Structures are given as C-alpha cells and as structure tokens.
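Contents: one structure, followed by commentary.
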Protein chains: 2
Amino acid sequence: MLSDVMEDYLKAIYILQERDGPPVATSEIAAYLDVTPPTVTSMVEKLDDRGLVEREKYKGVELTDEGVTVALEVLRHHRLLEAYLTEHLDYDWSEVHEEADVLEHHISEEFERRVAEALDDPTVDPHGDPIPNADLSPPEDAEHTPLSEHESGTTVEISRVSDREEEELRYLKDANITPGTVVRIVDVAPFGMVTVAVSDGGRQSLPEEIADSIRVKRVETDAVSAEEVPEA
Amino acid sequence: MLSDVMEDYLKAIYILQERDGPPVATSEIAAYLDVTPPTVTSMVEKLDDRGLVEREKYKGVELTDEGVTVALEVLRHHRLLEAYLTEHLDYDWSEVHEEADVLEHHISEEFERRVAEALDDPTVDPHGDPIPNADLSPPEDAEHTPLSEHESGTTVEISRVSDREEEELRYLKDANITPGTVVRIVDVAPFGMVTVAVSDGGRQSLPEEIADSIRVKRVETDAVSAEEVPEA
DNA sequence: CTTTTACTTTAGAGCCATCTAATCCTGCAC
DNA sequence: GTGCAGGATTAGATGGCTCTAAAGTAAAAG
C-alpha cells in the first residue's frame with residue numbers, strides 16, 4: 001500500500017527525530033534524502049493525509065504512532081539485512097548499507113522471519129545499531145552517547161557507527177574504529193575534532209561530523225584498558 | 001537505467017518468445033503481465049526506441065540481442081534467488097516464485113555473485129529451469145519437451161515445472177510431480193488432459209494448460225522403472 | 001471481393017514523485 | 001515594532017506507467 005518512497009520518508013523522519021528530536025524540518029528531510037524542499041512538502045502532506053505524520057505548516061513534522069511502526073518495520077528490515085549479508089554472504093561491514101537500503105523495501109514478512117531465524121534473532125546490526133524486534137516496539141537506546149560529547153582523557157567503547165557512507169566506513173574500519181573497540185580520547189580540538197588512541201597504538205583524528213555519528217559507552221579505566229590503550 | 005517494469009516486459013517477452021517463438025503479440029504480453037493491451041503498445045514503443053526489441057506494427061515484437069541480454073540477466077537473478085531461498089533459507093519449492101519475482105530487480109551484481117558462490121554456481125533452479133550463466137550466453141534447452149506432446153504409454157522423467165502459480169505448484173508437489181520424478185503416461189484425453197501414474201502408485205490427471213507447462217525427458221522403459229511405475 | 005471479427009493502436013486522462021520559479025511566512029536583528 | 005533573511009509553501013510542468021474509450025487494420029469467412 002505504501003510506496004518505497006513513502007517508506008524512505010518515514011524512515012528518514014524517524015532517524016532525524018531520534019537524533020534531533022521533533023519537529024523535523026522540511027529542509028532536514030530534503031537534505032537527508034537528497035531531494036528539493038518542495039518535493040518534501042508535497043510528500044509530507046500526503047503522509048499527513050494518511051495519518052502517518054502530524055504536520056504543522058512552516059514548523060515541521062512528527063511521526064504518529066502508526067508512522068513510527070512503519071519506520072521501525074523498515075529499519076528492522078534494513079538492519080536484519082545488514083546482519084545477514086555480513087554473516088551469511090561474506091559482505092564486509094562497510095559494504096552492506098546500500099544493498100540493504102534497496103532490499104529493505106522489497107522483502108516479504110516471510111523473508112524477514114526466515115532471515116531473523118537464520119541469525120537467531122539478533123539485537124544489533126554490524127554497525128552496532130539496535131534492530132527493532134518483531135513486535136515493533138520502539139527500542140530504547142541505552143547509555144550510548146556521541147563521541148563528540150566526551151572529554152579528553154576519557155576511555156570509551158565504540159557501540160554504534162552510523163552507516164551512511166561506504167567511504168567513511170571503510171576508512172573507520174581501517175583505523176580499527178568499529179563497534180566493540182575500546183579507545184582513549186587524547187584530544188578534543190576547539191573546532192570539535194576528536195583525536196583518539198586505539199588499542200593497537202594508532203591514533204585517529206575525526207572531524208566533528210564524524211565524531212557526532214559515532215556512539216560510545218564510557219568505560220571504567222582499569223589496569224587492562226590502561227595497558228590496551230597506551231598514552232603515546 | 002532500465003526501470004523494474006521494463007525489465008519485467010523484457011523477461012516476459014523472452015519467456016513467451018522461447019515458448020511460442022517470435023514475434024510475440026501485444027495481447028500475449030498483456031495477458032502474461034496482467035495489463036491492458038494499450039499499456040503494452042506504449043511500452044514496446046519505448047523498448048523499440050531504446051533498441052531492446054524489434055517491433056513491427058500490428059505484428060508483434062522480438063527481442064534484440066541487447067534485449068535478450070537484459071532478459072537473461074533478470075532470469076539469472078530470478079532463478080539464483082529461487083535456488084538460494086530454497087537451499088539456504090528453508091523456503092519450499094512452491095513458495096519462492098513471488099519473492100524472487102520482486103527481488104530479481106533489486107539485487108546488485110555483487111549480491112548475484114555472492115549468491116552464486118554460496119550455491120556453487122548452480123545450473124538449474126528448484127523448478128528445473130536452467131539458470132543462465134554469468135556471461136549471459138543464451139542457455140540451450142536440451143531435449144525437454146512438454147508433457148502434453150507425449151503419447152499414452154510413454155514413461156518420462158519430469159525435468160522442468162514452470163513456476164508461475166504458487167497454488168498449482170503446491171498441488172503438483174503434493175502429487176509428487178516435481179523435477180526428477182519418473183512418471184508413466186496412462187491416458188491422453190481428446191481435450192488434452194493427461195493422466196499419469198506416479199511411482200508411489202498414485203494417479204494424477206492434468207488439464208492441458210498444466211501439461212503444457214511441464215517439460216519432460218523420455219525414459220527408456222526398463223525393469224526398474226516398470227516396477228516403479230505400475231500399471232494400476 | 002467483401003464483410004466481419006479479432007486484435008492493435010491512437011487519443012486522452014490520471015496518479016506518482018520529482019523539479020524550477022515564484023510567492024509567502026516566521027522569527028531574529030535592530 | 002519593523003524589516004529582512006532564511007526557510008517553507010504554492011504554482012505549474014515533466015516523465016513514467018497505467019487506464020478507458022474510440023478508431024484503425026489485417027486476416028479469415030463468406
């Protein structure tokens with residue numbers, strides 16, 4: 001009943017409203033989906049008519065419960081696919097996003113079920129993003145905070161790395177910045193750039209936009225991590 | 001570049017032209033794809049403009065080499081998917097068609113490659129249909145002839161069972177009429193209905209349309225098959 | 001050879017998602 | 001409180017795929 005495109009809008013609005021809170025502005029959606037603002041206006045009108053978003057003219061939109069449900073369904077498809085491609089078809093972490101972005105709209109419920117079964121009902125995808133469960137109740141995001149919000153000297157474990165740009169992901173993977181890795185924040189520059197020391201001794205500087213999209217969990221500094229993450 | 005819909009037309013034309021030979025009539029395509037004839041006319045005009053079919057007004061169309069290549073690509077996707085779903089995701093023979101019909105348009109070349117690898121480059125799908133190989137050279141169809149063209153008394157092995165209707169396939173599967181099964185033709189009615197005896201002793205009557213879509217290979221009648229396929 | 005019938009095509013319209021250009025809010029700066 | 005800049009919306013057009021209704025063609029039947 002809903003077109004692929006509508007599903008894309010709902011997913012985008014969900015992600016944006018999770019990141020910055022509602023209401024989500026027309027221009028934000030336009031930038032995220034790479035379309036022009038008038039296109040977004042006419043689309044959100046339609047979504048409003050269908051009861052999937054609550055729209056206030058000139059202000060922005062917010063998903064209704066029904067809209068959230070659709071977004072979570074799409075997100076579940078997306079993240080299950082990413083996990084499946086990685087685990088069973090030998091895809092790399094950094095390659096799965098585009099494939100999943102297309103397929104998420106075209107798999108049946110049956111397919112979803114069987115993929116989830118083959119993976120033994122996973123709870124996170126390869127980027128560390130939580131997979132909504134089958135009943136589509138909103139997942140809570142635990143204590144994962146953006147890397148950019150932490151101070152110099154803190155030791156953190158990477159929990160999620162946003163999955164939008166294949167190039168970026170490949171770079172991060174080479175730098176060993178992947179979910180599960182423990183890093184120490186060496187420096188936070190005035191313009192937001194974060195420099196971290198990885199356990200293999202390497203250092204990486206990440207511009208603010210990237211550091212913003214990496215979510216981490218603070219780690220108690222103890223002997224082990226102190227050894228794993230040397231000062232130099 | 002080509003839309004899903006165009007791919008569907010090319011696939012349909014390929015299948016129809018393989019079955020009945022070119023040229024393929026507007027109305028045949030319309031029936032196969034369940035659209036109206038005027039829709040087909042405007043679509044084949046477009047395909048002609050793009051050099052994918054050769055069209056003669058009021059006569060019908062025939063695929064160009066380029067059109068054949070596209071059709072084979074889609075068919076390869078379709079049949080690889082059917083095989084993969086059956087082998088790795090525990091789908092049943094009769095369920096895979098619809099899923100593959102959608103996904104065939106949305107998988108990347110990378111995905112195709114990895115699926116083929118996971119299956120160890122199969123040559124036939126679960127219905128017995130040949131899978132075009134990666135270089136998209138036209139597959140030759142061997143000596144498989146429609147069940148409906150054989151005479152009463154002949155013993156044949158089922159090689160291909162067309163995969164269009166899930167209902168029908170489930171029925172045939174229950175009757176044990178699947179690729180690889182050996183059956184004896186007991187009777188051919190004047191209106192084309194074929195009755196066969198299956199190795200488990202059961203009999204099945206199949207209307208002409210169905211018998212037409214089942215391809216078989218003649219089997220030399222020897223002691224073993226005579227025992228497997230009793231007269232009664 | 002003409003008529004009829006079956007099929008094909010043309011004509012015209014609608015819906016979807018998108019665009020550009022033009023107009024219209026809203027809220028901050030003064 | 002007024003003006004202005006940035007952002008949002010309206011207006012109008014396009015290309016893709018589909019439909020119904022009407023007109024045209026070809027080939028079989030007489």
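For the numbers below, each heavy atom of this structure counts, side chains included, while hydrogens, waters and symmetry mates do not. Convention: sequence-line order gives letters A, B, ...; per-chain numbering from 1. The structure presented is a predicted model; accordingly, all values stated were derived computationally and were not measured.
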**Asked** Does the distance from a Lys or Arg side-chain N to an Asp or Glu carboxylate O, for E110(A) and R113(A), drop under 4.0 Å?
**Response** yes
**Request:** Look at all strands and tell whether V35(B) reaches a base, only sugar-phosphate, or nothing, counting heavy atoms closer than 4.0 Å.
**Result:** sugar-phosphate
**Request:** Provide, to the nearest angstrom, the distance between the CD atom belonging to E7(A) and the P atom belonging to dA17(C).
**Result:** 11 Å
**Prompt:** Hey, does the side chain of K57(B) come within less than 4.0 Å of dT10(C)'s phosphate (OP1/OP2), counting only N and O?
**Reply:** yes
**Request:** Name the nucleic acid region contacted by T26(A), choosing base, sugar-phosphate or nothing; use a 4.0 angstrom heavy-atom cut-off, strictly under.
**Result:** sugar-phosphate
**Request:** Could you tell me whether T36(B) contacts a base, only the sugar-phosphate backbone, or nothing, with contacts defined as non-hydrogen atoms closer than 4.0 Å?
**Result:** base
**Asked** Can you tell me if the side-chain N/O atoms of T39(B) get under 4.0 Å from OP1 or OP2 in dC17(D)?
**Response** no
**Complete:** Of the candidates dT9(C), dT9(D), dT8(C), the side chain of A25(B) sits closest to dT8(C)
**Request:** Measure from CD1 on I29(B) to C1' on dT9(C) and round the result to the nearest Å.
**Result:** 14 Å
**Message:** Please determine whether a side-chain nitrogen or oxygen atom of S42(A) lies at a distance below 4.0 Å from atom OP1 or OP2 of dT10(D).
**Reply:** no
**Asked** Using a cut-off of 4.0 Å on non-hydrogen atoms, how would the nucleic acid contact of S3(A) be classed: base, sugar-phosphate, or nothing?
**Response** sugar-phosphate
**Asked** Taking NZ, NE, NH1 and NH2 as the nitrogens, is one of them in R114(B) or E99(A) under 4.0 Å from a carboxylate oxygen of the other?
**Response** no
**Prompt:** So does K11(B) pair up with D101(B), basic N to acidic O under 4.0 Å?
**Reply:** yes
**Request:** Among the candidates dC19(C), dT10(C), dG16(D), find the nucleotide nearest to the side-chain atoms of R50(B).
**Result:** dG16(D)
**Asked** For the side chain of D92(A) and the backbone of E95(A), is there at least one donor-acceptor N/O pair under 3.5 Å apart?
**Response** no
**Request:** Starting from P on dA28(D), measure out to OH on Y58(B) and report it in whole angstrom.
**Result:** 17 Å
**Request:** May I ask you to say what E28(A) touches in the nucleic acid, namely base, sugar-phosphate or nothing, with a heavy-atom cut-off under 4.0 Å?
**Result:** nothing
**Message:** What is the distance, to the nearest angstrom, from the NZ atom on K46(A) to the C1' atom on dT9(D)?
**Reply:** 16 Å
**Item:** Distance, rounded to the nearest Å, where E56(B) contributes CD and dT8(C) contributes C1'
**Value:** 13 Å
**Asked** Mapping D34(A) and E45(B) to their closest nucleotides on DNA chain C, which lands nearer the 5' end?
**Response** E45(B)
**Request:** Whole angstrom is fine here: how far is it from CG in L47(A) over to P in dT9(D)?
**Result:** 13 Å
**Asked** Under 4.0 Å between a side-chain N or O of R55(A) and OP1 or OP2 of dT9(D)?
**Response** yes
**Prompt:** Under 4.0 Å: is that the gap between some side-chain N or O of Y9(B) and OP1 or OP2 of dG16(D)?
**Reply:** no
**Asked** Is the centre of the H97(B) ring less than 6.0 Å from the centre of the H127(B) ring?
**Response** no
**Asked** Only one of E117(B), E104(B), R76(B) clears side chain to side chain contact (heavy atoms under 4.5 Å, CB included) with E112(B); which?
**Response** R76(B)
**Request:** Take the protein atom CE of M43(B) and the nucleotide atom C1' of dT8(C), then report the distance between them rounded to whole Å.
**Result:** 18 Å
**Prompt:** Closest nucleotide of DNA chain C for M6(A) versus for K59(A): which of these residues is on the 5' side?
**Reply:** M6(A)
**Prompt:** Can you find a side chain N or O atom of T41(A) that sits less than 4.0 Å from OP1 or OP2 on dT10(D)?
**Reply:** no
**Asked** Within this structure, what is the NE2-to-C1' distance between H105(A) and dC16(C), rounded to whole angstrom?
**Response** 16 Å
